[in-house]
2 protein chains.
Amino acid sequence: MNIYDVSEKAGVSIATVSRVINGNSNVSEKTKLRVLSVMEELGYTPNVFARGLGLNTMKTIGIMCTDSSDIYLANAVYFLERELRFNAYDSILCCTGTSLENKMQYLNLLLSKRVDGIILVGSKFLSSDPDTSDNDYILKAAKQLPIMLVNGQLSGDNIFCTLCDDKSAVYSVTDDLIKSGRKNIVYLYTSTSYSGKDKLSGYKKALEDNHLEVNPDCFHMCTKSIVRAKEYLNELYLNNISFDAVVTSDDSLAVGAVKFAFEHSLNIPSDLSIVGYNNSVLANCTEPELTSIDSKVETLCVTAVESLMKVFSGGKVPERTVISADLIKRNTTNF
Amino acid sequence: MNIYDVSEKAGVSIATVSRVINGNSNVSEKTKLRVLSVMEELGYTPNVFARGLGLNTMKTIGIMCTDSSDIYLANAVYFLERELRFNAYDSILCCTGTSLENKMQYLNLLLSKRVDGIILVGSKFLSSDPDTSDNDYILKAAKQLPIMLVNGQLSGDNIFCTLCDDKSAVYSVTDDLIKSGRKNIVYLYTSTSYSGKDKLSGYKKALEDNHLEVNPDCFHMCTKSIVRAKEYLNELYLNNISFDAVVTSDDSLAVGAVKFAFEHSLNIPSDLSIVGYNNSVLANCTEPELTSIDSKVETLCVTAVESLMKVFSGGKVPERTVISADLIKRNTTNF
DNA sequence: TTGTACGCGTTATCAG
DNA sequence: CTGATAACGCGTACAA
């Protein structure tokens, strides 16, 4: 079943059939209708390989993320797929894990598949160390096709970033906590990626601007896990390091903080205020429900795909688009 | 940069280069090494379109789900992608939403992309009405390529199902609740899919086998939402319909039940026992943590991909593989 | 408005 | 073990 079968049955040449398929105007209405009906009758679908061979594109985008089962990334993947589909692009999903070797391997795989562009989701793709060569594979790939970073930051030719203003978000909420009377604010985070460092610096700056000391015990990196967060807070508690607020870089850590408070019969928010990040479904699960920073995944993804389409059509696209986060106030804070 | 460039530079024919690429044994070690080094030097990658054109396969599987941002489905997508990748297959992701029209459209799209197989994840793809023609598009597609259902049930040629024994799981936990003294058990569910009906029938059968009355107010379908579950339980409460246990078809509903208990200062599990489903991260968020049925997504996905590979290699694959669920006991039950 | 003929880069067959 | 050559199905100059 190919274009020849259709052309024969319709009594026209394959060129005419091709014109009809691709909406070329130079076909008489009459033959167009005849071809269309034959195509329908035969249930004909153009062969994408043959088409791709000539055009050297399959209208396919590679989406890379470290782990699509992560709530944040799963949402991102969902929105990206939706937007790409809307623009008639397929999505090839690649979950790379965190090792550099795997990331490189997957990226090369996508290049060899001749995808039209690649979207890297999450800041975990990038080393935030400015002196490293760990990001070179991305710069190199960008020589072949456009690369979009969602919530990641890397500057280079043909690389476009869409990110959330994490630093301001954390700064602002930390500042809110201080203004509402909190003196000892713990910050828990899960990664030292660009975005991870950004958030941390927002926390520190808020303390400094309010002339509060930055206690090294009070900011701590831990695995993205409810239990781990709880454990660390317990450790502080046992060491008599007192604190009256916990800001986190992920809702799961905030859930851990809620559990810590429950274990020690602390009242939330009066004894302990808690702020989550990402405004995920987890924020609605705890009692009381979490105040959380909404990092605007959907907006980020929509913008990234919009930009990519603009790149394809030769339009001018900013290297870096920054979107502000929202603070969603619920019941783990009293402002 | 194509196979001709390589052949010329290596001083061999394109046939030999092709043999080297595809690991064909009939090449002398010496020429093989020479070709390999030229390929390396030129940074040559075979063109997938040309290859696909000849072989009529791109080693790509279509994964369809209604919504990849759903926690359960996100996990499934993650595991499927991982397993497919392990077998050197790419994954094209399609989130269809729930309308039949969209599902059909996406399926046809995948067919036209010449994927090698399609995996339908979640029971929401299928009408469980035996008299409907709503599933015909799947039967039709199965004439062209193998279709795997993960947690769905449809019998037909070239269709293979991997599913969890939901009925037994719900039966068993309901029975446990009754044996531990519960008299009035509410069952909350989110869908009337095959799996949805299966779970419900497990609940009813457990009541019947224990000579308890099945009260129509006590099993109720509601949207997959924490708030909705809580609202329905509140409604029962206001209507003085008493109950001492809630079994749900999804953890989110169970979270709603926990919130209901909190609102009315009911003790969990003594006043109210609660059972979730899917053993998702939500089960660890509440206080107390949820007893939940683990529906074994990972096993399901691994099995489905294994079966698919077996189908490709011409092996015999059962039409239906059933996997038992596990009950993960936490603190919302007292058995 | 329509048709012819070629190129796209592989793999596979067959002959040597 | 190696090489020549025919498919594979489509898009598109170019010709009519």
Side-chain angles (χ1 to χ4, degrees), chain A residues 1-39 42-60 88 90 109 111-116 144-145, chain B residues 1-39 42-60 88 90 109-116 144-145 312:
Chain A
M1 165 63 58
N2 57 29
I3 202 170
Y4 290 94
D5 299 327
V6 177
S7 77
E8 193 175 335
K9 187 142 187 168
V12 296
S13 76
I14 62 159
T16 300
V17 178
S18 179
R19 288 187 190 102
V20 171
I21 293 168
N22 297 293
N24 189 311
S25 53
N26 296 330
V27 182
S28 75
E29 196 63 20
K30 199 176 141 191
T31 48
K32 183 174 168 180
L33 254 50
R34 188 165 71 248
V35 171
L36 246 25
S37 84
V38 171
M39 278 171 46
L42 264 51
Y44 165 77
T45 343
N47 183 308
V48 283
F49 304 136
R51 175 179 265 163
L53 184 55
L55 303 178
N56 202 33
T57 162
M58 275 264 277
K59 298 271 273 180
T60 301
D90 285 337
L109 185 91
L111 291 178
S112 79
K113 296 282 176 180
R114 305 283 208 276
V115 295
D116 302 298
Q144 294 185 45
L145 40 64
Chain B
M1 164 65 58
N2 58 27
I3 203 169
Y4 288 94
D5 299 327
V6 177
S7 78
E8 193 175 336
K9 188 142 188 169
V12 295
S13 74
I14 61 161
T16 301
V17 177
S18 180
R19 286 188 190 100
V20 171
I21 293 167
N22 298 292
N24 190 311
S25 54
N26 297 329
V27 182
S28 75
E29 195 62 20
K30 199 176 139 191
T31 47
K32 184 173 167 181
L33 253 49
R34 188 165 71 248
V35 171
L36 246 24
S37 84
V38 171
M39 278 170 48
L42 264 52
Y44 164 77
T45 342
N47 183 308
V48 282
F49 303 137
R51 175 177 266 162
L53 183 56
L55 301 177
N56 202 32
T57 161
M58 274 265 275
K59 299 270 274 180
T60 300
D90 285 336
L109 185 91
L110 285 175
L111 292 178
S112 79
K113 295 282 176 180
R114 302 287 206 275
V115 294
D116 302 297
Q144 294 184 45
L145 40 64
F312 286 148

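Residue numbering restarts at 1 for every chain, and letters A, B, ... go by the order of the sequence lines. Because the structure is predicted, anything quoted here is derived from the model rather than measured.
Across all strands, Val12(A) comes closer than 4.0 Å only to sugar-phosphate atoms, never to a base (heavy-atom distances). Tyr4(B) comes within 4.0 angstrom of a base, heavy atoms only. Note on Asn56(A): nothing from the nucleic acid sits closer than 4.0 angstrom, heavy atoms only.
The Tyr44(B) side chain lies nearest to dT10(C) when the options are dT10(C), dA5(C), dT11(C). The side chain of Thr16(A) sits closest to dG3(C) out of dT10(C), dG3(D), dG3(C). Closest contact between the side chain of Ser18(B) and the listed nucleotides dC10(D), dT11(C), dT13(C) involves dT11(C). Closest to the side chain of Ser13(B), from the set dG3(D), dC10(D), dG3(C), is dG3(D). Closest to the Asn47(B) side chain, of the nucleotides dT1(C), dT12(D), dT10(C), is dT10(C). Checked against dT13(C), dG9(D), dG9(C), the side chain of Arg19(B) finds its nearest nucleotide in dT13(C).
Here the C1' atom of nucleotide dC8(D) and the CE atom of Met1(A) are 16 Å apart, to the nearest Å. For the pair Arg51(A) CZ and dG7(C) P, the computed distance is 22 Å after rounding to whole Å.
Formation of a donor-acceptor pair under 3.5 Å by the Asp5(B) side chain with backbone atoms of Glu8(B) is not found in this model.
In plain terms, the two heavy atoms of Arg51(A) and Ile21(A) that are nearest each other are NH2-CG2, 3.3 Å.
At a cut-off of 3.5 angstrom, counting only N and O atoms as typed in the model, there is no donor on one side facing an acceptor on the other between the side-chain of Arg114(B) and the base of dG9(D).
Residue Thr31(B) places none of its side-chain N or O atoms closer than 4.0 Å to OP1 or OP2 of dC1(D).
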request  = Carefully, step by step, assess Thr60(A) and Lys113(A) under the rule side chain to side chain contact (heavy atoms under 4.5 Å, CB included).
outcome  = CA-CA 9 Å; Thr60(A) 301; Lys113(A) 296 282 176 180; over 6 Å; no

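To the nearest 0.5 angstrom, Tyr44(A) atom OH is 12.0 Å from Leu36(A) atom CG.
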